[in-house]
Protein chains: 2
Amino acid sequence: MPTIGDVARHAGVSRSTVSYALSGKRTISRETRDRIEVAIAELGFTPNAGARALATSQTMVIGLFVQFFEDEFSPAMLQYVLPISDAAREAGYDILMVTEADGAHAVRRIASSGMVDGVIFLNVAYEDKRLPVMRKMPQPGAMVGLPRVPDDFDVFDLDFAASGRILVDHLAERGHREIILITPREHVFERGGGYAWRFRDAALQRAATYGIRVRSYFGETQQPAVNQQLNRILDAREESAMIVHNDAVIAALPSVLYSRGVRVPDDLSVVGAFSEDFGKLFSLPYTAVETSPNKLGRLAVQALVRRMTDPLGAGAPRVELVAPHVTDRASTR
Amino acid sequence: MPTIGDVARHAGVSRSTVSYALSGKRTISRETRDRIEVAIAELGFTPNAGARALATSQTMVIGLFVQFFEDEFSPAMLQYVLPISDAAREAGYDILMVTEADGAHAVRRIASSGMVDGVIFLNVAYEDKRLPVMRKMPQPGAMVGLPRVPDDFDVFDLDFAASGRILVDHLAERGHREIILITPREHVFERGGGYAWRFRDAALQRAATYGIRVRSYFGETQQPAVNQQLNRILDAREESAMIVHNDAVIAALPSVLYSRGVRVPDDLSVVGAFSEDFGKLFSLPYTAVETSPNKLGRLAVQALVRRMTDPLGAGAPRVELVAPHVTDRASTR
DNA sequence: CTGAAAGCGCTTACAG
DNA sequence: CTGAAAGCGCTTACAG
């Protein structure tokens, strides 16, 4: 591969002049610039990224730390990854995607070796092991998911508490007095998936203010357990409505209801929390809180880019809980 | 961040000695090694990746070029990404994931700037624009998907022709004489998604040898078109069996069949082509050719790593079409 | 067993 | 408007 020295020789100028022509950081005469451009084109020159990174202390790479849990439903994650990748590219960054099981270890390896200018953590837990490690690193970080101690980082998440309340409100307004609530798996609560209890606790509390009775179940995540559990729950059902905060369960719901001959909303009102894309993927005809993975991912990138390019001007790190928005698909009565 | 010079000073040795202690490329006395280890631990030193890359011409990063098409079903892609990421890490590599729409342009940018030691392309088309660009680059590449001209690259794909045949055989053996075949969208054929016609053409040809009549449809990819089309097809159905080579259609099939009261296999035999994980995700109770994204991804990584670490010993690039394997889920009669 | 020095390919003050 | 030189943080022949 040709180097900047090859280009300089070819164009009959110094290496620094080529560099400045590339960066535009000082004015170059018309003829010199032309000669350099010709040389670059003829040699097919591209600056070496490693050398540039070494000289500038900037890699133009963002580390994206993905965390896959067995107790979660995998397609949900991709919805964050793609928009983040696209938004990063628009801002001139590439994505180093890290899926290592030991997230904390990976963070240390990647960040302290200077492979990235900043990091984004997906699926941040209440007590996330990656955060204390990252705090010691010089790069900034943006989180998707609300940790117990967010300080130092820009944090973005859906307002799950408000989401739980708004769905209870939706059912309460329509006269429902008894509701089934299906939450994430119990293990998600135990390992500190904050979204799980923020949603559930707020929903239960709100229901209490209406005097609504809620029967709450920890939903399954793997087939065939999902269908079996759903059938058991429906066998014992006395409620007129159902709130599903569990991706695997809501994805399986249409076929289970079909097979039982339960009609929505005539026999049962159903609401959930999932993104529009997720709903399309599984053809879900249910009114739901839009979880906005697209928006959250892009917000994280924007905040991170701001902080990487202008550390001082970016101000104090902030926590932004995106307000829920209900997409009415007429699945309640 | 501390540098190797800081470590050397702290340990009272030269920088080269620290480097050799790190790499193990020459013997270091017991005491020296201990002092260096202490210094590294106390300072929290990690070698700078950019500097190392510059000195060694090795980044220990693999470029993963993902291509999302609107006419394909997105969750399928993630099934390749994860195993590839895991396999790469096991071999000591990180993954730079590139989702840029203009794949050819991205390849040039990433490869010629030396950001990666090698590349993997997913979802390779028959005439893939990324390949001619990559051929001019010094790094090796591995493909998932069979291009028209594979030379220079290691290529891995499911043997889609054999897959089409084996499913026809499966139905023929059970006495079916009239079959519905649902293929990928027409646009997939037009833009050169080779897997589409390799499967279809082989299936049609095999069916002809049995004297089986096949009615072939280009399947839809987006709801609600998928369900509408399926209902139309089933309204006009005279066939006793169905081969589905279309992710969106097979995912939607259970609920459509439920809603129509069509029982599998009593009323209709169904076979498909999808991975075990995909089947679980959508609870698909259908006999199918396992598409083995896991295996294909890992094969690509292994071949690439071999070629990156031992360019000469790796031998000539090879094309490996993985033989199909049918997972019987008792959906045929 | 260890060190001094050159070199990887860039960028950017310093000088003119 | 342009160039010579130092420096980024490593690795690795060369020397002893």
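A note on names: the letters A, B, ... follow the listed sequences, proteins ahead of strands, and every chain is numbered from 1.
- A salt bridge between B:Asp86 and B:Arg89 is absent, with no side-chain N of the basic residue lying under 4.0 Å from a carboxylate O of the acidic one.
- We find that CD of A:Glu31 is positioned 13 Å from C1' of D:dT2, with the value rounded to whole Å.
- Between the CG atom of A:Asn48 and the P atom of D:dG9 there is a distance of 17 Å, rounded to whole Å.
- A:Arg135 CZ: more than 12 foreign heavy atoms inside a 6.0 Å radius.
- The shortest distance between the side-chain N/O atoms of A:Thr17 and the OP1/OP2 oxygens of D:dG3 is below 4.0 Å.
- For A:Thr3, no side-chain nitrogen or oxygen approaches OP1 or OP2 of C:dG9 to under 4.0 Å.
- Here C:dA15 presents its P atom at 14 Å from OH of A:Tyr20, a figure rounded to the nearest Å.
- Distances shorter than 4.0 Å separate some side-chain N or O of B:Lys25 from OP1 or OP2 on D:dT12.
- Contacts of A:Ser19 with the nucleic acid, taken as non-hydrogen atoms under 4.0 Å apart, include base atoms.
- Residue side chain B:Arg26 reaches the base of C:dT2 through a donor-acceptor N/O pair under 3.5 Å, judged by distance alone.
- In this structure, A:Gln58 atom CD and D:dG7 atom C1' are separated by 17 Å, rounded to whole Å.
- Where B:Thr56 and B:Ser14 meet DNA chain C, the nucleotide closest to each residue was compared, and B:Ser14 sits on the side nearer the 5' end.
- Separating the CE atom of B:Met60 from the C1' atom of D:dT11 is a distance of 15 Å, rounded to the nearest angstrom.
- For A:Thr32, counting side-chain heavy atoms from C-beta on, the closest listed nucleotide (D:dT12, D:dG9, D:dT2) is D:dT2.
- When distances are taken from the side chain of B:Ile4 to each of D:dC10, C:dA4, C:dC1, the shortest belongs to D:dC10.
- Atom pair A:Arg9:CZ and D:dT2:P shows a separation of 19 Å (rounding to whole Å applied).
- Between B:Arg52 and D:dT11 there is a side-chain N or O to OP1 or OP2 distance below 4.0 Å.
- Ring planes of B:Phe121 and B:Phe65: perpendicular class, angle over 60° (limits at 30 and 60°).
- For A:Ser29, a side-chain nitrogen or oxygen approaches OP1 or OP2 of D:dT2 to under 4.0 Å.
- With C:dA6, C:dC1, D:dC14 as the choices, the nucleotide that has an atom nearest any side-chain atom of B:Arg15 turns out to be C:dA6.
- Between the side chain of A:Gln79 and the backbone N or O of A:Asn294 there is no donor-acceptor pair closer than 3.5 Å.
- A:Leu22 has its CG atom 14 Å from the C1' atom of C:dT12, to the nearest Å.
- The A:Phe45 side chain lies nearest to C:dC10 when the options are C:dC10, D:dA13, C:dC8.
- Scanning all heavy atoms of the two residues, the minimum distance from B:Met1 to A:Ser112 falls at SD-O, 3.9 Å.
- In the set D:dC10, D:dG9, D:dT2, the nucleotide with an atom closest to the side chain of B:Leu54 is D:dG9.
- In this structure, the CE atom of A:Met115 is 22 Å from the P atom of D:dC8, given to the nearest Å.
- In this structure, D:dA15 and C:dT2 make a Watson-Crick or G-U wobble pair, each of the two defining distances being under 3.5 angstrom.
- Formation of a donor-acceptor pair under 3.5 Å by the A:Asp94 side chain with backbone atoms of A:Val61 is not found in this model.
- For a distance-only test at 3.5 Å, the side chain of A:Ser16 qualifies as a donor-acceptor partner of the base of D:dA4.
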